[in-house]
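Let me begin by presenting the structure, written as structure tokens, before commenting on it.
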Amino acid sequence: MSFEKTPGWLDWYAGPSRPAFELPAGAVDAHCHVFGPGAAFPYAPERKYTPCDASKEQLFALRDHLGFTRNVVVQATCHGADNRAMVDALRASGGRARGVATVRPEVTDAELRELHEAGVRGVRFNFVKRLVDAAPPQDLLDVAERIAPLGWHAVVYFEAADLAELRDFLLSIPVPVVVDHMGRPDVTRDPDGPGFRAFLDLMRARDDIWCKVTCPERLSVDGPPALDGERHAYRDVVPFARRVVEEFPDRVLWGTDWPHPNLTDHMPDDGLLVDFVPHIAPTAELQHKLLVANPARLYWPDAD
Ligand SMILES: O=C(O)c1cc(C(=O)O)oc(=O)c1
């Protein structure tokens, strides 16, 4: 099957630079995706965008180029609940990738076990309206009950404006919760103001809520973008991410978000994106927790 990508959609950046920041040994890119290729793994009929292809081989090449050891491949919404492309990447990784799946309430226990055996350790609940038609909360809670015995967690993606409405639901999820992209704060606001305080309060409400301090390229309003050798990209996002890293050093994760779905303004150089890390995690200890120890605890708890 051949697909035509959504107009205005930018392809991922080929030939990224090597980061100036040297990643610690064992670093995990804890948020990235594969797209298709569409000819082998067709995009879902219910998708809200059609991406360019971004294969597992290209993901693994980026991992090696940037200096990561492992990946967490998160099911992208363009594949709906068809996890085959993501699972194919996990199986090809030789144990160097774990996954987060999207499942429907009717998923069988045998299917969940098969996903587990492939390396899946979580499910994704998405509330971003431009990406999905959100499932009824009770369906999601039923799924969460089903995955609890497997030791999985729920990855949730929502907009800051929807947090007040979602808060009680999020707090009722009976497994650990990982919030994508800091709950998408409005970085033109004060990081000490009510909007981001509501997010930090959510993190404080349970000690098993984690946060991905990811996607500065999506959240930034005044850049400058991680392009053309820029060493201080996305400065407006730094106070938000750093706040989370410093208050919750043992519950933060970082990832590239490659291949950066739905960017229409600019496409970051992933090498320069890695150089964002020391701005938000300024000490070697914080960097090690963020990039190595935390993702290892969540995704490879049995590894030595
Ligand atoms: O903000 C986005 O557009 C976005 C989309 C997806 C997805 O389509 O799965 O995943 C992300 O992490 C971010």
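Excluded from the calculations below are hydrogen atoms, water molecules and symmetry mates; all remaining heavy atoms, backbone and side chain alike, are included. As the structure lists them, so they are numbered: ligands from 1, and atoms in each ligand from 1.
- Taking distance alone, with nitrogen or oxygen atoms compared against 3.5 Å, Asp180 stays at or beyond that limit from ligand 1.
- Contact atoms of ligand 1 toward Ala76: 9 (O) (distance under 4.0 Å to a heavy atom of the residue).
- In this structure, of Arg47, Gln75, Arg124, the residue bringing a heavy atom nearest to atom 11 (C) of ligand 1 is Arg124.
- Protein heavy atom nearest atom 6 (C) of ligand 1, with residue, atom name and distance: Pro261 CG, 3.8 Å.
- Follow the hydrophobic side-chain contacts under 4.5 Å out from Val237 and you reach Leu290 in the same cluster.
- Taking Pro249 as the reference, Leu286, Lys289 meet the side chain to side chain contact (heavy atoms under 4.5 Å, CB included) condition, with sequence neighbours excluded.
- Salt-bridge check for Arg124 with Asp180: passed, with a basic side-chain N closer than 4.0 Å to an acidic carboxylate O.
- Within ligand 1, counting atoms from 1 as listed, the ones closer than 4.0 Å to a heavy atom of Arg184 are 1 (O).
- Taking only nitrogen or oxygen atoms, main chain and side chain alike, Asn126 does not reach within less than 3.5 Å of ligand 1.
- Regarding atom 13 (C) of ligand 1, its nearest protein heavy-atom neighbour is Tyr157 CE2, 3.5 Å.
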Query raised in the report: His266 and Tyr13: ring pair (Phe, Tyr, Trp, His ring centres under 6.0 Å), yes or no, with the steps?
Result: CA-CA 10 Å; His266 76 281; Tyr13 188 85; 10.0 Å; no
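- In this structure, Phe68 has its ring center at least 6.0 angstrom away from the ring center of Phe60.
- Which parts of ligand 1 touch His181 is read off a 4.0 Å heavy-atom cut-off, strictly below it: atoms 11 (C), 12 (O), 13 (C).
- Residues Val123 and Leu253 are members of separate hydrophobic clusters, defined by side-chain heavy-atom contacts under 4.5 angstrom among Ile, Leu, Val, Met, Phe, Trp and Tyr.
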Report task. Decide yes or no on side-chain contact (heavy atoms from CB on, under 4.5 Å) for Arg197 and Asp201, but give the supporting numbers first. Result -> CA-CA 6 Å; Arg197 197 177 320 127; Asp201 282 347; 4.1 Å; yes
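- Every atom of ligand 1 is numbered from 1 in the order shown, and the set under 4.0 Å from a heavy atom of Arg130 is 1 (O), 2 (C), 3 (O).
- In the candidate list Val100, Leu263, Thr77, Leu131, Leu131 is nearest to atom 5 (C) of ligand 1, counting heavy atoms.
- Within the 4.0 Å heavy-atom cutoff, Lys48 does not count among the residues contacting ligand 1.
- Side-chain contact check for Tyr157 and Arg184: at least one donor-acceptor pair (N or O, by modelled atom type) lies under 3.5 Å.
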